[in-house]
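What's counted below: heavy atoms across the whole structure, side chains too, no hydrogens, waters or symmetry copies. We name chains A, B, ... by the order of the sequence lines, and we start the count at 1 in each one. As the structure is a computational prediction, the values presented were derived from the model and not from experiment.
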Amino acid sequence: MIEPLISATSSLLSGASPLYLMLGIIVGLIFGAIPGLGGTTAIALLIPLTYGMESDEAIILIGGVMGAVMFGGSISAILLNTPGVAPNAATAFDGYPLAKQGKAGLAIGAAATASAVGGLLGVVILVMVLPIAKLIVLSFGPPEFFLLALLGLCSIAVSTGGLLLRGLIAGGIGFGLALVGFDDVSGGVRFTGGIEYLWDGVPLVPMLIGLFAIAEMIKLSTEGGSVATDTSGVRITRVMDGVWATFRNWPTVLRGSTIGVFIGCVPGVGGTIASFLSYSVTAQVSKDSETFGKGNIKGVIAPEAANNAKDGGALIPTLAFGVPGSAEMAVFLGVLVLHGLDPGPMLLLEHESTIFTLILALAASTVIASLIGLAIARQLVLITLVNVNILIPVVVSVGLVGAYALHNAIGDVIMAALFGVVGYLMMRFDYPRITVVIALVLGELAERSFHQSMAISDGQLAVFFTRQVSLILVLMVVFALCWPVFRYIYTHRRGLDAKS
Amino acid sequence: MRNLRELRMDMQHDSGRRMVSSAVVLLITSVFIMSAYRYDARGAEFPLIIGWVTLMLCVVDLFASLPTQIGGWLSSILHKSRSTPDDKTPASGREAGGILWIGAMVALVWVFGFLIAIPIYSIAFMTLNGRRPLVSSTIAAGITTLFVYVVFEWLLRYELYRGLLFG
């Protein structure tokens, strides 16, 4: 572990890497602060900038974004009661009342410190878990790889806000898209409709830009207006009081971070649940629980610690098993693919130093983002005044140029726009986009592993049940699929009990 | 407060919306399966598994969207819409407008290339869609074009598409 760590440290400190880290942090803070954008859009738009970079530099840039987005969102949540990203909604419960009492600095100082400490704790736990994950991965064969892709898809579909069925259907469509183009197994091309452009498959980067950046802009254009109308009342003082308050409330930080890491580990559950759970648990165990919602500093510390710690947790399934825990992680896997790093369990075995580079970048960015955020919080809030009618042309233009830049192909621009419309319609009709991306990214691995499994078992499907690890994975898939039924029975019974 | 009749009408509208979207996805999946049968056995094996499983899920989804007792039961287990009765559905005209603006941008890029399309699209969008003053729209469009030029052509040395007319 020491050797990859040294190599990762030198990557992070050499050449233009520190500049890329700073760029990622600033982009992350800005995209985090503006509601409706968030980390996924930021990463999708930054992908084109990484084309000419070394893989380590690209990962440092993205790591910078990941570490900074949450804190960016908490600034607008505290000062304007407008969470930048969904998980920051819990921060606004007590952050905004504090700001109204003239204690915005206290809240922002506490949020910054809790974010940094939570992020670092998440990374430490990730580093501790990786060697164990490596041992597990070594026992995997083709059937396990196939089942892992299936499990990733099912667990994400289950956790997409009650949209299991449509999550799975979207996953099926994603697998279908992954099958477009040249097929290694049969040696021919499939599902191209005679279009030569599709022989290399559905291009991942234009699809990501379309599904996340362009689709969000279409949605914003239907809503109109600007995010905030007045920031004149924003005053930021007593920041250091917030920093000390965080250290004084160390059990809250520790509890929030632990919740964040564990929730982050579960694919698809995400930061919103982590921060709300951390908030509610803290409110329940606190002696002054009646002051929550009225400006209790622990109500800021708990969700912020969980928010940032969950990134470390979410990287465990993403890096160890190639199963992304969130849309942001799915787009991050797209970056890995672009730079020749195949997502999946072998990533951990073959590119350990790259993984450590990301971990270090994430750790550094959580701390630096908090420092920068504290310094420019007042200015950052002004960004939310930008009218969406200015924001949309900027994001659409940069997005489409980015889609074009990789292959200098106008077809990629059309593809990005097409997926933008598809992404918008998916949002509109309750089809989760994340399962499409996960299926597209893991589709090739799933098909290859499926054929290899069939080859080693002479076409017997029993190969998926007779091996110990595969059997466990099959049971996990079945459990994931049955989970909504269990939940329905449980809530139905509770309803009957309450009536009686 | 919304009355019961309005709420019921919204639920029927939601059910109809879901049925149409389910039917469209069912159709796409059926076309995918039919296409898969054209390939040899090895090339079609995995696509057919994916296709048939997805088709079955689409059928269940279609049943779940029906305004019947079984549809309601399936829906309560497998589909909890994220929208609440108080959520505003965007007007169809605004939605179509949002999509058309993207289509217009792509057409402009195709014909004139990025460096001409970006200012035209930005100014048109800000003034026509956003009702913003022409001067501030022109300044914002200029900054966006300059940003794209400096970052992509100058710093990253990509040659941006010049369009059918000037390429």
Side-chain angles (χ1 to χ4, degrees), chain A residues 48-49 51-52 161-166 168-169 171-173 175-176 179 183 185-188 190-191 214 217-219 221-224 387-390 392-394 396-398 400-402 404-405 408 410 413-414 417 420-421 424-425 428-431 446-447 450-451 454 484-485 487-488, chain B residues 17-18 21 25 28-29 32 35-36 39-40 42-43 45-47 50-51 53-54 57-58 60-61 64 76-83 90-91 94-95 97-99 101-103 105-106 109-110 114 118 121-122 125-126 129-132 140-141 144 147-148 151-152 156-161:
Chain A
L49 294 184
Y51 294 160
L163 302 175
L164 170 70
L165 204 50
R166 295 207 159 176
L168 289 174
I169 292 169
I173 292 169
F175 270 133
L179 300 173
D183 170 34
V185 179
S186 64
R190 295 179 298 184
F191 307 107
I214 308 286
M217 291 307 109
I218 296 175
K219 185 167 175 264
S221 74
T222 64
E223 291 161 359
N387 190 292
V388 293
N389 290 302
I390 297 174
I392 292 166
V394 176
V396 169
S397 301
V398 174
L400 293 183
V401 170
Y404 173 81
N408 285 352
I410 190 71
V413 176
I414 297 168
V421 176
Y424 174 73
L425 293 174
R428 180 83 168 73
F429 294 105
D430 286 337
Y431 287 92
E447 188 182 19
F450 176 79
H451 283 297
M454 290 295 101
V485 180
R487 196 172 48 192
Y488 174 79
Chain B
R17 196 169 62 95
R18 278 186 54 204
S21 60
V25 177
I28 294 169
T29 312
F32 177 80
S35 311
Y39 305 113
D40 64 74
R42 256 178 93 70
E45 190 179 10
F46 194 69
I50 297 297
V53 170
T54 311
L57 292 169
C58 287
V60 178
D61 188 40
S76 63
I77 299 175
L78 301 167
H79 183 103
K80 287 192 183 72
S81 178
R82 284 170 186 174
S83 54
R94 260 195 109 75
E95 285 187 304
I99 292 168
W101 275 110
I102 300 294
M105 173 60 172
V106 174
V109 170
W110 199 4
F114 282 108
I118 291 172
Y121 164 74
S122 302
F125 187 88
M126 288 178 211
N129 192 66
R131 305 261 183 270
R132 297 195 61 81
T144 310
F147 172 79
V148 166
V151 172
F152 286 93
L156 298 172
R157 304 194 183 269
Y158 295 125
E159 197 186 332
L160 292 179
Y161 183 62

[X] versus chain B, heavy atoms under 4.5 Å apart: side chain, backbone, both or neither?
| X | result |
| --- | --- |
| V421(A) | side chain |
| I390(A) | both |
| V396(A) | side chain |

Measuring from [X]:[atom1] to [Y]:[atom2], what's the distance to the nearest 0.5 Å?
| X | Y | atom1 | atom2 | value |
| --- | --- | --- | --- | --- |
| E447(A) | E45(B) | CD | CD | 9.0 Å |
| L400(A) | I102(B) | CG | CD1 | 6.5 Å |
| L160(B) | N408(A) | CG | CG | 8.5 Å |
| F125(B) | S221(A) | CZ | OG | 5.0 Å |
| T54(B) | L168(A) | OG1 | CG | 9.0 Å |
| W101(B) | I392(A) | CH2 | CD1 | 10.5 Å |

Checking I99(B) against chain A: side chain, backbone, both or neither under 4.5 Å from a heavy atom?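 Both backbone and side chain.
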Give the intermediate values and the outcome of side chain to side chain contact (heavy atoms under 4.5 Å, CB included) for residues Y424(A) and E95(B). CA-CA 9 Å; Y424(A) 174 73; E95(B) 285 187 304; 2.4 Å; yes
Which atom names give the shortest non-hydrogen contact between Y158(B) and P48(A), and what distance separates them?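 Smallest interatomic distance, heavy atoms only, reads OH-O, 3.4 Å.
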Between [Y] and [X], is there a side-chain heavy-atom distance shorter than 4.5 Å?
| X | Y | value |
| --- | --- | --- |
| V401(A) | Y161(B) | no |
| D61(B) | Y431(A) | yes |
| R18(B) | F429(A) | no |

Not counting sequence neighbours, which residues clear side chain to side chain contact (heavy atoms under 4.5 Å, CB included) with D40(B)? List them please.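 If we apply the side chain to side chain contact (heavy atoms under 4.5 Å, CB included) test to D40(B), skipping adjacent residues, the hits are S186(A), R42(B).
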Going by the rule side chain to side chain contact (heavy atoms under 4.5 Å, CB included), which residues pair with F191(A) if we only count those two or more places apart in sequence or in a different chain?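 F191(A) satisfies side chain to side chain contact (heavy atoms under 4.5 Å, CB included) with L179(A), V180(A), F32(B), S35(B), A36(B), Y39(B), P47(B) only.
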